[in-house]
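So the structure is just underneath, and the comments pick up after that.
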There are 2 protein chains.
Amino acid sequence: MTPRAQTRDPELTRTRILDAAETLFVAQGFSAVKLSELARSAEVTKSLIHHHFGSKEQLWEAVKNRAFERYFTAQMAMLEEAGEPDAALLRRSVEAYFHFLRDNPGVVRLFAWTHLEGDSHCGELDNQLVGAGAEWVRQAQSRGLLRKDINPTHVIAMFVMTCTQWFEAKCHHQHWPGMGSDAAFLEDFLKIFMEGVTPRE
Amino acid sequence: MTPRAQTRDPELTRTRILDAAETLFVAQGFSAVKLSELARSAEVTKSLIHHHFGSKEQLWEAVKNRAFERYFTAQMAMLEEAGEPDAALLRRSVEAYFHFLRDNPGVVRLFAWTHLEGDSHCGELDNQLVGAGAEWVRQAQSRGLLRKDINPTHVIAMFVMTCTQWFEAKCHHQHWPGMGSDAAFLEDFLKIFMEGVTPRE
DNA sequence: GCGCTAACTGGCCGGCCGGTCAATTAGCTA
DNA sequence: TAGCTAATTGACCGGCCGGCCAGTTAGCGC
């Protein structure tokens with residue numbers, strides 16, 4: 001390791017390590033990543049990683065925490081700018097979530113790795129999000145905008161899970177005969193979903 | 001390794017290794033599994049694993065192939081006993097798929113690991129399944145049992161993905177406020193889904 | 001300037017990883 | 001029963017893994 005610029009910037013170093021680690025962890029998962037590879041990719045020494053993060057496990061935690069905080073704040077922002085419940089809000093929320101995942105494939109994979117690890121921490125993080133979403137559904141139900149015989153949390157869960165799986169298992173179903181594009185699938189999902197949650201007179 | 005029963009049974013040995021490997025791979029993923037641990041768990045020497053399967057990668061392939069073949073034949077059987085299209089068949093298929101995944105949690109995790117690896121092989125395997133399912137949807141559409149303005153493959157994909165994600169990300173959403181049981185979620189999903197695919201007059 | 005703290009380096013280590021190999025032996029065939 | 005094949009063993013290997021540590025030095029407070 002030839003000594004880099006004579007200047008020290010611990011904060012920058014931390015983020016350089018975090019960025020490189022996120023890239024590698026997202027791509028390969030925790031145990032497949034080698035610290036030596038990570039050090040090379042972040043252009044730092046292995047010792048520096050230990051200096052800043054203690055151990056590989058702790059670094060993994062730091063990567064997850066940072067990513068999920070980003071996810072959480074982004075979702076919170078989307079939720080807040082949603083405004084008053086009206087008939088089209090649910091549709092717009094689904095579209096927004098779908099596009100968010102499409103534009104942040106790393107988040108999807110990070111979620112998937114943590115699911116497989118059985119790590120429920122990130123799930124707890126969006127209790128607030130889901131709670132708020134479910135509350136909105138409840139209001140819409142009482143106003144007669146959505147059918148009343150469905151658990152509000154299940155409405156949120158259903159579209160969140162469909163969007164997530166669409167991107168998580170893309171490699172699996174993208175070659176299925178007759179499968180359409182992102183946009184085409186979203187459109188068909190919304191047709192079924194919106195029709196399914198609309199109250200019948 | 002104290003020599004086991006004096007009897008040799010290569011076929012049994014193979015399946016013992018495969019079984020132990022499946023358990024460990026399902027639980028930890030490919031790279032986190034150590035051959036030494038696997039050997040201990042299968043009550044076999046490490047060398048024997050290499051003798052029968054060549055390498056860790058080849059063993060992983062063998063595990064996946066066996067599991068997906070089991071999955072495939074089980075699904076094929078379900079498809080064949082489905083019989084003639086009628087209004088309730090789609091509902092029964094969703095329930096059957098949901099219960100299959102509930103009773104075979106290993107399959108769900110195996111799918112998830114392969115998705116993260118970007119392995120599309122298992123996805124190709126069920127092209128037949130999806131093709132047959134989509135064909136059934138198409139027939140139901142032309143008979144007026146299902147609405148016609150939706151891509152048949154997307155109908156299949158939608159319930160497959162929802163069921164999969166429900167079990168794959170259980171640790172994530174099981175503590176969400178208001179989230180119900182397996183049965184309650186399935187019920188609500190079916191309410192929305194069936195209502196969404198039913199034609200409107 | 002002076003000295004302290006912490007960022008940073010490079011060399012090192014014990015352990016264990018996946019894999020190999022020569023030797024042994026069970027079980028089948030003729 | 002002799003002989004061959006392949007299942008099975010245990011000792012062994014090179015490599016590299018995560019982690020440690022003694023030493024160097026930049027930057028900041030005084």
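Note that the structure is a prediction, hence the values are computed from the model and not measured. Lettering of chains follows the sequences in order, A, B, ..., and the numbering in each one begins at 1.
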Please state how far atom CG in B:Leu35 lies from atom C1' in C:dC17, giving the value in whole angstrom units. 9 Å
Go nucleotide by nucleotide along DNA chain D from the 5' end; which of B:Ser47 and A:Lys34 gets its closest nucleotide reached first? B:Ser47
Protein-nucleotide distance (A:Lys56, atom NZ; D:dC17, atom P), rounded to Å: 9 Å
Would you mind telling me which of C:dC17, D:dC21, C:dC8 lies closest to the side-chain atoms of B:Ser36? C:dC17
Any side-chain heavy-atom pair of A:Phe111 and A:Phe68 under 4.5 Å: yes
Round to the nearest Å and state the distance from B:Ile49 atom CD1 to D:dA6 atom P. 21 Å
If I take atom CZ in residue A:Arg16 and atom C1' in nucleotide C:dA7, what distance separates them, rounded to the nearest angstrom? 13 Å
Measure the spacing between CG of B:Leu79 and OG1 of B:Thr73 and express it to the nearest 0.5 Å. 12.5 Å
Nucleotide nearest B:Leu48 when distance is taken to its side chain, options D:dA7, C:dC8, C:dC12: D:dA7
From C:dG10, C:dA7, D:dG18, pick the nucleotide closest to the side chain of A:Thr45? C:dG10
Scan side-chain atoms only and decide if A:Asp126 and B:Trp176 contain a donor-acceptor pair under the 3.5 Å cut-off. yes
For D:dT8, does either OP1 or OP2 sit under 4.0 Å from a side-chain N or O belonging to B:Thr13? yes
A:Arg40 CZ to C:dT9 P, straight-line distance once rounded to whole Å: 16 Å
With a cut-off of less than 4.0 Å, is there a side-chain N or O of A:His52 near OP1 or OP2 of C:dC8? yes
Start at the 5' end of DNA chain C and walk down; is the nucleotide closest to B:Asp9 or to B:His50 reached first? B:His50
Atom pair distance, as rounded to whole Å: CZ in A:Arg8 and C1' in D:dT24: 8 Å
Got a sec: does the CD of A:Glu69 have more than 12 other heavy atoms crowding it under 6.0 Å? no
Record whether the side chain of B:Lys46 comes under 3.5 Å of the base of D:dG10 through a donor-acceptor pair of N or O atoms. no
For the pair made of CD in A:Glu37 and P in D:dG15, what is the distance, rounded to whole Å? 19 Å
